[in-house]
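Report on the structure given below.
Atoms considered below: every heavy atom in the structure, side chains included; atoms not considered: hydrogens, waters and symmetry mates. In what follows, chains are A, B, ... by sequence order, proteins preceding strands, each numbered from 1.
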Amino acid sequence: MSRVLSAVAWPYANGPRHIGHVAGFGVPSDVFSRYMRMAGHDVLMVSGSDEHGTPILIAADEAGLTPQQLADQNHRVIAEDLAALGCSYDLYTRTTTRNHHAVVQEMFTGVYENGYFVEQTTYGAISPSTGRTLPDRYIEGTCPICKTPGARGDQCDACGNQLDPADLIDPVSKINGETPEFIETQHFFLDLPALAEALTAWLDERAETGLWRPNVIRFSQNILKEIRPRAMTRDIDWGIAVPLDGWRENPTKKLYVWFDAVIGYLSASIEWARRTGDADAWRAWWNDPEALSYYFMGKDNITFHSQIWPAELLAYSGKGDKGGTEHSLGTLNLPTEVVSSEFLTMEGRKFSSSKKIVIYVRDLLSRYQPDAFRYFVASAGPENQDSDFTWSEFVRRTNDELVAGWGNLVNRTANLIAKNFGEIPAAGQLQPEDEAVLAAAEAAFGTVGDLISRHRQKAAIGEAMRAVGEVNKYVSDLEPWKMKGEDQRERLGTVLHVVAQCVADLNLVLSPFLPFSANDVDKALGGTGEIAPMPQIVDADDLDGGDGYPIITGDYTTAPSWQRHPITVGLPVAKPTPVFRKLDTAVVEEELERLGG
RNA sequence: GGGGCGUUAGCUCAGUCGGUCAGAGCAGAGGACUCAUAAUCCUUGGGUCGUGGGUUCGAGCCCCACACGCCCUACCA
């Protein structure tokens, strides 16, 4: 039993999130967290909306809103979507809270005082009309190498060369068409080279565990070779102020989002603790070196979680070449494991909102059961390599595996019991075949749990479904529907009791993957339907006097332990309604119609 | 340009330390059964493991090259 921090990537709030995002971090982190709680660990699962940065400014301008208004809208949508997916956050918050601002500034101050920031002058583009930094990708012009017009500031798509936007011929802003101004500007850089040794030691130690996914650890070690200082401030007027005299008051200098968003894991833990009434409760997950932390994200975020975030933690804790002292947040734990997934594609193509190659979480959930999607992600998601979401495969997985396999077992079990006893029957003398199937179902706790703890969820759910197949086979072999007459009554009861026990076992085993239907299945077998606790959206006050905002939270302590719980003889079982909805194959064409080009 | 990943049966994918590794699910074919959402159960899988070399007694699994796809490489997040 240990403290486990489930740190889940912070969705960027410039719009609603599509299923590729939640397939990468949302579902896997929730499966892991639900399992770890049932296995007896003290889990703290945190995340929130990432709301600062240039893209939100641009999206707000386009929508005619202030950045805060846009963030408010999108934060609510994203939070509602994640809750509707059943993601069991202890706290899902946001980066525009006063608490978060204060924690980020404390981190900055600690890193600054320990000497891990270097001030450097850089040469970059700004928008003359707004004074904001113009990121390279928002500049285009004629490529100085191949003379192709329309090259992006960072790279020419025509010749593939990397470019410096200052070299572009006739550069223009893609945002408003104006000519960017190139200026010299001062910024704080995180002195990553001074932290490289500590980072290397940490990664080497992590590599030795053999637990990280091979490509994640390899990639992380590789990027250490070319480590260099990275800017942690920006010329922008939407973000967290730099807490230093002369900077604090400057409206166009803010902390870079990557000194902002990743700190959310810590600030959300602190906010969670403050909301529980024990303001120091978060320290058990952050200051105790025995505590474990798992970070869930897509592969595009590996750099920030295996290099920049640990570097910030080391710098704040004074653990780099320059030494330093401990500050008020104490010595902070580095990640135990960076659990990165790959990317989901959509019908063989990259997700693209502009090209309408997309399905948003909200749209999917308006038409399909959350567990059908969770089943797809768990069994066919981008766990170790890119994987493809297709509507035909979604329908097939749902109908042929989820409904036909697990759904049917539940349904036939409840039907047989309802029809013959109307309640869970008592078991008589067990035969070898009864013992065998009971053993198989109980063994699933061990095999499936072990696989989930090692982040092999595809194998885990496959193992659970294999066990489902064994129970289906048991039912077919024993043919309880043929056991008629008083002389076979006891045997019939025994067989149905055994099946019900197996279904109850497998329902628990599947509950991290399929929390909604786990409750339905429990009810179908006479239970109260409270197997899998669900998150709640709560309109919360800002703890420090700012505007209120919706959060996701919940009490997940009621989840049963990860082991067989003997079923209760005599619980009433009525004729069931199917737990899972079978999909009409016509939805494939309907959904493909909705996709663009 | 640099770094990394992937390419295994019609489809989606497993294959940890090189030697029953040539597999699973689905689809397809045949059969059984009828409790169940025409669900379930049984039988049925010969695919040059992307291509070409190499190391080895032996290679999807190690090395090299090539092809195709993808990710990172950016003051995007």
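One atom, CG of A:Asn384, and another, C1' of B:rC13, lie 11 Å apart when rounded to the nearest Å. Look at CH2 on A:Trp406: it is 18 Å from C1' on B:rG25, rounded to the nearest Å. Atom-to-atom, CD of A:Glu383 to C1' of B:rC71 comes out at 18 Å; the value is rounded to the nearest Å. One can place CD1 of A:Ile223 at 10 Å from C1' of B:rU73, the figure rounded to the nearest angstrom. Between the C1' atom of B:rA77 and the CD1 atom of A:Ile78 lies a distance of 13 Å, rounded to the nearest Å. Taking atom CH2 on A:Trp212 and atom C1' on B:rU16, their separation rounds to 20 Å, with Å as the unit. Atom CG in A:Asp477 sits roughly 10 Å away from atom P in B:rC41 (whole-Å rounding). Rounded to an integer number of Å, the gap from A:Arg412 CZ to B:rU34 C1' is 9 Å.
At B:rC33, none of the side-chain N or O atoms of A:Lys482 fall inside 4.0 Å of OP1 or OP2 (strictly under the cut-off). Distances shorter than 4.0 Å separate none of the side-chain N or O atoms of A:Ser387 from OP1 or OP2 on B:rU12. When the side-chain nitrogen and oxygen atoms of A:Arg456 are compared with OP1 and OP2 of B:rG15, one or more of them lie within a distance under 4.0 Å. For the pair A:Lys350 and B:rC70, the criterion of a side-chain N or O lying under 4.0 Å from OP1 or OP2 is not met. When the side-chain nitrogen and oxygen atoms of A:Lys575 are compared with OP1 and OP2 of B:rC35, none of them lie within a distance under 4.0 Å. Within the 4.0 Å cut-off from OP1 or OP2 of B:rU12, not a single side-chain nitrogen or oxygen of A:Arg397 is found. Proximity of A:Gln307 to the phosphate of B:rC72: no side-chain N or O atom is located under 4.0 Å from OP1 or OP2.
The aromatic rings of A:His75 and A:Tyr92 lie parallel to each other, with less than 30° between the two planes, well short of the 60° mark.
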**Request:** Mind running side-chain hydrogen bond (donor to acceptor under 3.5 Å, both in side chains) on A:His100 and A:Thr95 for me, showing each step along the way?
**Result:** CA-CA 6 Å; A:His100 178 71; A:Thr95 57; 5.0 Å; no

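Salt bridge absent: A:Asp237 and A:Lys254 never bring a charged side-chain N and a carboxylate O closer than 4.0 Å.
As judged by a 4.0 angstrom heavy-atom cut-off over every strand, A:Val403 is placed among the base-contacting residues. Using a 4.0 Å heavy-atom cutoff across all strands shown, A:Pro480 reaches no nucleic acid atom at all. A:Ala231 comes within 4.0 angstrom of nothing in the nucleic acid, heavy atoms only. If you check every strand for non-hydrogen atoms under 4.0 Å, A:Arg228 touches sugar and phosphate atoms only.
Glycosidic torsion of B:rG30 falls outside 90° of 0, placing the base in anti.
For A:Arg17 (side chain) and A:Tyr12 (main-chain N/O), a donor-acceptor pair under 3.5 Å exists by modelled atom type.
With a 6.0 Å cutoff to the six-membered ring centre and a 45° limit on the axis angle, A:Arg374 does not count as a cation-pi contact of A:Phe513.
Judged by distance alone, with hydrogens and angles left aside, A:Trp258 brings a side-chain donor or acceptor within reach of the base of B:rA77, the pair sitting under 3.5 Å.
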